[in-house]
Amino acid sequence: FAGLADVSIAEDIPVEGEITVPVGSHSPDEDYSTLDEPVRDTIMRDLKAVGKKFVHVMYPKKSSALLRDWDLWGPLVLCVSLALMLQGGSADSKEDGGPQFAEVFVIIWFGAVVITLNSKLLGGTISFFQSLCVLGYCVLPLTVAMLVCRLVLLAGSGTVSFIIRLIVVVAMFGWSTLASTAFLADSQPPNRKALVVYPIFLFYFVISWMILTFTPQ
Amino acid sequence: AAAGGGRSGTAAEWGGFEDNMQGGGSAVIDMENMDDTSGSSFEDMGEMHQRMKEEEEEEEGEAGAAEEEDGEFLGMKGLRGQLGRQVADQMWQVGKRQASRAFSLYANIDILRPYFDVEPVQVRARLLESMIPVKMINFPQKIAGELYGPLMLVFTLVAILLHGMKTSDTIIREGTLMGTAIGTCFGYWLGVSSFIYFLAYLCNAQITMVQMLSLLGYGLFGHCITLFVTYNIHFHSLFYIFWLGVGGLSTLRMVAVLVSRTVGHTQRLILCGTLAALHMLFLLYLHFAYHKVVEGILDTLEGPNMPPFQRVARDIPVVSNAVLNTTAKAIALTL
């Protein structure tokens, strides 16, 4: 700070400049144009954004696209499809069907909220909805595993099918955990990554357990 | 004198008036703005601020002349209107500040942040320590007041319970099972902690609520290990060995820490006896009675239409009844 003592501005030269950041002049026009554009364009834009995030999940690289423009459409679609596929039989059936739709839905969202709060309390720099977005999108491999399990169960339900299902579910569980860790662990202080990864591991373990133990009617 | 000052209406003084108003809710009452005598009310606030903005754009001299004439004519009435408006403005600002402060205080998760300030090494050390009873009970033992480890242990216990239900092939609906599992584990952790904290308050033990939650949470580590092993290896004798060994060790640790913080033999006995009984019985309950409890709930929910449940893996009702009977007899004999 001592070096700044001799900095002085000549009094007769006015200090001037622009404080405002020049905003692109076409942005008000854009707002109007998204209102006027056909519905198909709007939907396709959102669908493309969701699809791009799916690709990011399947090939987890350290990109910030998933984090920057978070949206919850993908997690909603994945959660609903997983819950529909996991749905058990009706209430008065003898056999054990499986969890009801509401149970799966609540477990996924409640688990994601708990993990987000935990990572925020441990000093994470990621925001609430960004974390929900990442955790929701990383359910994609497990949804794929659920599809595969259902197809395998159509073929038969013996020991062989169980082993196939076990391998598939374990692989997808590992993929989900790695994908979400790749996005979330960066936002934590480096020595606490294990503390954040463990609840994510537990969360996907419970979902994988629900998928693996699903038996159709 | 103030009205006389308004009479001059120079640019400098008018500028000063603007500065006061832009400061927003300043305590200085400016006598120049006296043209409106409607009573003070919040609804007038917006109107007043809007008028302030308009007056900034007006010709200063013109407005100044009009103002000072009105002010001169109305006198005390104008003063009250202006005063009332200032007070209302201030109350609005203070109220808004208080509301936002209260919201940021209670809706802030940063309240819990200090309890999650741990390192993985510390968590591992505390997990191992929870199985080692301390020897020195004459000196109050330190309890770390953190909530990360206990919370994760409770969730792990829920996961292990669910896994156990499935490996025992009990044909129950997993939906209700999940809710019951979460409710049981969290209910035990929070409920028994509160109860023991209440007893500690009665017995003058030196322990805070967070410390009690932390202590009991880490005590569940023994339960997790026991259940994880015995749900995969189905031998009753093995379960008893684990129950006494692992469960006993973690209970002894909790008891030793509490004893070190309590004075007086009767108090120590009450507190530690209750905790030991509850902790050991909970493990027993989780292993044997959990199936029956959930089935009982489902039976009452579904009514008499349900056919009896089929147990596939082991004949739990007969065995567990016999076991419970012998256990109860053994406990009765020792007492």
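Lettering of chains follows the sequences in order, A, B, ..., and the numbering in each one begins at 1.
- Both the backbone and the side chain of A:L195 have a heavy atom closer than 4.5 Å to some heavy atom of chain B.
- Using a 4.5 Å cut-off between heavy atoms, B:F155 contacts chain A through both its backbone and its side chain.
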Tabulate below the donor-acceptor pairs under 3.5 Å that side-chain atoms of residues 107-120 of chain A make, not counting sequence neighbours, or state none.
{"residue": "A:T116", "atom": "OG1", "partner": "A:A112", "partner atom": "O", "Å": "2.6"}
{"residue": "A:T116", "atom": "OG1", "partner": "A:S131", "partner atom": "OG", "Å": "3.2"}
{"residue": "A:S119", "atom": "OG", "partner": "A:T116", "partner atom": "O", "Å": "3.1"}

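- For A:D69 and A:K52, the salt-bridge test fails: no basic side-chain N is under 4.0 Å from an acidic carboxylate O.
- Ring geometry for A:W70 versus A:F129: interplanar angle under 30°, hence parallel rather than tilted (30 to 60°).
- Interface remark: B:V118 contributes backbone and side-chain atoms alike to the contact with chain A (heavy atom separation under 4.5 Å).
- The minimum heavy-atom distance linking A:R165 with A:C149 is given by the pair CG-SG, 3.6 Å.
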